[in-house]
Amino acid sequence: MTQDDVDELVRGRIRAIRSARGWSLDQVAGRSGLSASTLSRIETGHRRIGLDQLTAIARALGASLDELVAPGSDEDVVIKPHRDEDRGVTTWVVQEESGPHGMTVAKIRLTRPAPRGPVDALRAHPGRDWFTVLSGTAELALGPRIVTVRTGQAASFSTMVPHAFGAVGGAAEILAIFDRPGEQTHLTE
């Protein structure tokens, strides 16, 4: 990527974030300490962006420098599935926030029923899980209970209860939100 490519990328992101927030050049100017004229010339490519200006603009937009300068690639766009044939689960991680309190959003395709057997064979961990069924019928083993969750319905539960997911009568697809312990348990087993 050339310097001109980076400049064009950054200008486009500044303009896109400003527009998405519904802010005028004058509003961003007031927040950044730069003039509206300078911001206009930066956005249109008639002025190079200095690091001090970039920092002020990022702060004014409520964006990180990474959001403004990170190179884009197909890897940012295409979400590749992770298949676990043994468990009958295919997972697409849609969003993952790092850190101990981060949340992970994943689309999951289930093809097998939830595991049956002794409750102590199911997993439990601190936190809460939430999912909604996009298609098919899912089942949630919660301790000794089996809860059926149909298309359009959602479930939320304490993960301190031993639990597992599965499908009923064919494949089911769910959209799930996991806290960090849930992500580690359900997506990396």
- Task: Go through the steps to decide whether His82 and Thr91 satisfy the test side-chain hydrogen bond (donor to acceptor under 3.5 Å, both in side chains), and finish with yes or no.
- Result: CA-CA 5 Å; His82 170 73; Thr91 305; over 6 Å; no
- Query: Can you list the steps and then say if Arg41 with Ser37 is a side-chain hydrogen bond (donor to acceptor under 3.5 Å, both in side chains)?
  - Reply: CA-CA 6 Å; Arg41 289 193 318 264; Ser37 173; 2.7 Å; yes
- Side-chain contact, heavy-atom cut-off 4.5 Å: Val93 with Val105? no
- Provide the closest heavy-atom pair for Leu122 versus Pro115 in the form atom of the first, atom of the second, distance. CD2-O, 4.2 Å
- Message: Is there a side-chain contact between Glu8 and Arg13 in this structure, where contact means two heavy atoms from C-beta onward sitting under 4.5 Å apart?
- Response: no
- Message: Asp129 vs Ile177, test: side chain to side chain contact (heavy atoms under 4.5 Å, CB included). Steps then yes/no.
- Response: CA-CA 6 Å; Asp129 282 356; Ile177 299 176; over 6 Å; no
- Task: Check the surroundings of atom CD in Gln153: do more than 12 heavy atoms from other residues, nucleotides or ligands lie under 6.0 Å from it?
- Result: yes
- Task: Carefully, step by step, assess Leu54 and Val69 under the rule side chain to side chain contact (heavy atoms under 4.5 Å, CB included).
- Result: CA-CA 10 Å; Leu54 186 60; Val69 300; 3.7 Å; yes
- Task: Hey, could you give me the CZ/CD distance between Arg21 and Gln27, rounded to the nearest 0.5 Å?
- Result: 12.0 Å
- Message: I want to check something: taking the side chain as every heavy atom from C-beta on, are Phe157 and Thr159 in contact at a cut-off of under 4.5 Å?
- Response: yes
- Note on the structure: Rounding to 0.5 Å, atoms CZ (Arg11) and CG (Leu68) come to a distance of 13.0 Å
- Task: From the options Arg116, Arg145, Arg150, select the one residue that forms a salt bridge (charged side-chain N to carboxylate O under 4.0 Å, His left out) with Glu139.
- Result: Arg116
- Item | Shortest non-hydrogen contact between Val10 and Ile49, atoms and distance | CG1-CD1, 3.6 Å
- Item | For Val119 against Pro144, the heavy-atom pair lying closest together | CG2-N, 3.7 Å
- Message: Is any side-chain heavy atom of Glu43 closer than 4.5 Å to one of Arg18?
- Response: yes
- Task: Calculate, to the nearest 0.5 Å, the distance between atoms CZ and CG belonging to Arg15 and Leu61 respectively.
- Result: 12.5 Å
- Query: Between Met160 and Val147, is there a shared hydrophobic cluster once you connect ILVMFWY residues whose side-chain heavy atoms come closer than 4.5 Å?
  - Reply: no
- Note on the structure: Closest non-hydrogen contact found for Leu175 with Trp130 is O-CZ3, 3.7 Å
- Task: Take Thr111 and Val89, measure what side chain to side chain contact (heavy atoms under 4.5 Å, CB included) needs, and give me the verdict at the end.
- Result: CA-CA 6 Å; Thr111 58; Val89 174; over 6 Å; no
- Message: Using side chain to side chain contact (heavy atoms under 4.5 Å, CB included), reason through Trp92 and Ile108 one step at a time and then give a plain yes or no.
- Response: CA-CA 6 Å; Trp92 294 261; Ile108 303 172; over 6 Å; no
- Quick one: does NZ or CZ of Arg31 land under 6.0 Å from the six-membered ring centre of Trp23, within 45 degrees of the ring axis? yes
- Query: When you check the gap from the basic side-chain N to the acidic O, do Glu173 and Lys107 get nearer than 4.0 Å?
  - Reply: yes
- Are the side chain of Thr151 and the backbone of Val133 linked by a donor-acceptor contact shorter than 3.5 Å? no
- Specify the closest pair of heavy atoms between Leu110 and Ala138, including all atoms of both residues, with the distance to one decimal. CD1-CB, 4.5 Å
- Task: Please assess Arg128 against Ser156 for the test side-chain hydrogen bond (donor to acceptor under 3.5 Å, both in side chains), listing each intermediate value before the final yes or no.
- Result: CA-CA 7 Å; Arg128 292 196 64 80; Ser156 177; 3.1 Å; yes
- Task: Can you measure from CZ (Phe165) to CZ (Arg87) and round to the nearest 0.5 angstrom?
- Result: 9.5 Å
- Query: Are Ser32 and Leu39 side-chain neighbours, meaning at least one heavy-atom pair lies under 4.5 Å?
  - Reply: yes
- Item | Sidechain-backbone polar pair: Thr38 side chain, Leu34 backbone, donor-acceptor under 3.5 Å | no
- Is Leu140 linked to Val168 within one hydrophobic cluster, defined over Ile, Leu, Val, Met, Phe, Trp and Tyr using a side-chain heavy-atom separation of less than 4.5 Å? no
- Item | 4.5 Å side-chain heavy-atom contact, Thr90 and Asp84 | no
- Query: Is a side-chain N or O of Thr44 found less than 3.5 angstrom from the main chain of Ser40, in a donor-acceptor match?
  - Reply: yes
- Query: Quick check: does any side chain N or O of Arg109 sit under 3.5 Å from a backbone N or O of Ile174, one acting as donor and the other as acceptor?
  - Reply: no
